[in-house]
Amino acid sequence: MKFQLKTIIAALAITFAFSSCSNDDDPAEVITGEGNLKLEFDNVYKDADLAFNTAYVNSNGETVKITKAKYIVSNIVLTKEDGSTYTVPKSQSYFIIDEATAASTLLNLPNIPAANYTKVKFGIGVDQAQFNLGATGQGDFLTQAQAAGMMWSWSAGYKFVALEGTFTSATVTTDTTFMLHTGQTGTDYNYTEVTVNLPEKALVRTTITPQIHLMADLSQLPDGTNKINFTDGAMVMGGSKLALVTANIANMFEVHHVHND
């Protein structure tokens with residue numbers, strides 16, 4: 001009886017050992033194919049959801065009301081968890097985010113290689129290499145930009161950001177129009193790129209379309225690290241101020257969350 005019991009225990013131990021080895025040797029998930037990825041740009045002003053004609057106070061003590069908020073997003077690059085990257089083709093990588101048009105704030109990126117993604121990089125504006133292709137090299141995007149009012153003229157180039165509205169201050173007591181436009185000015189091109197880390201991986205699969213929810217804090221444009229005082233000049237469209245506004249863009253975006261549905 002003792003012999004039988006020892007034999008049974010030994011057999012169970014061998015079975016458990018083989019089972020453990022089998023589990024340890026299970027291959028990692030094989031990820032293949034392509035899927036879609038969505039980028040949602042949610043415009044806010046500091047901690048508040050952005051709303052047109054709503055009063056917001058900046059750190060200069062100016063009260064601003066925004067009536068237009070548009071910017072160009074371009075050159076999207078996705079970083080996988082292994083550090084390799086996927087660059088969205090240029091022909092599919094130029095968009096105009098317009099607060100007045102809800103559909104424009106949700107970008108659908110097709111044919112993305114299935115993978116776990118941890119970072120997103122994108123440009124604000126149209127890169128100089130693309131602009132240097134000339135008017136005929138812009139494809140349909142030139143027409144879209146013209147229709148959206150995101151061109152000064154072809155020779156002057158694209159508006160990368162267009163933030164407009166009215167303001168008042170201690171010395172400007174009636175609503176006064178301000179315009180903040182970035183783009184090429186003189187020798188400064190003012191195109192910039194932003195990289196954001198994802199708080200959780202975006203799992204692109206043939207059956208899963210992740211949606212990355214980005215918060216875009218438009219207060220950062222005039223009221224970020226560099227302070228732009230509209231009281232001293234309400235038309236911010238050139239000169240040294242645009243480089244300061246462009247530098248502020250680095251802190252304008254963050255990822256709130258990722259949906260993997």
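This chain uses plain numbering: 1 for the first residue, then up along the sequence.
In this pair, H213 and H256 present their aromatic rings tilted. The plane angle is within the 30 to 60° band. Ring geometry for F41 versus Y71: interplanar angle over 60°, hence perpendicular rather than tilted (30 to 60°). Between F122 and F253, the angle of the ring planes goes over 60°, which puts this pair in the perpendicular group of the 30/60° scheme.
Partners of S219 according to the side chain to side chain donor-acceptor pair (under 3.5 Å) rule, which considers only residues two or more places apart in sequence or in another chain, are D217. Remark: E81 pairs with K201 by the salt bridge (Lys or Arg N to Asp or Glu O under 4.0 Å) rule, at least two apart or across chains. Partners of D82 under the side chain to side chain donor-acceptor pair (under 3.5 Å) rule, at least two apart in sequence or in another chain, are S84. Taking E164 as the reference, K68 meet the salt bridge (Lys or Arg N to Asp or Glu O under 4.0 Å) condition, with sequence neighbours excluded. Applying the side chain to side chain donor-acceptor pair (under 3.5 Å) rule to T231 yields the partners E62, S169, N229; only residues at least two apart in sequence or on another chain are considered. Residues passing the salt bridge (Lys or Arg N to Asp or Glu O under 4.0 Å) test with D188: none are found, sequence neighbours excluded.
Between the side chain of S104 and the backbone N or O of D98, at least one donor-acceptor pair lies under 3.5 Å. With hydrogens and angles ignored, the 3.5 Å screen pairs a side-chain donor or acceptor of Y189 with a backbone N or O of V126. Looking only at distances, a side-chain donor or acceptor of E200 sits under 3.5 Å from a matching main-chain atom of V258.
Donor-acceptor pairing under 3.5 Å is recorded for the side chains of S59 and D223. For the residue pair Q138 / Y158, a side-chain donor-acceptor distance below 3.5 Å is found, with atom types taken as modelled.
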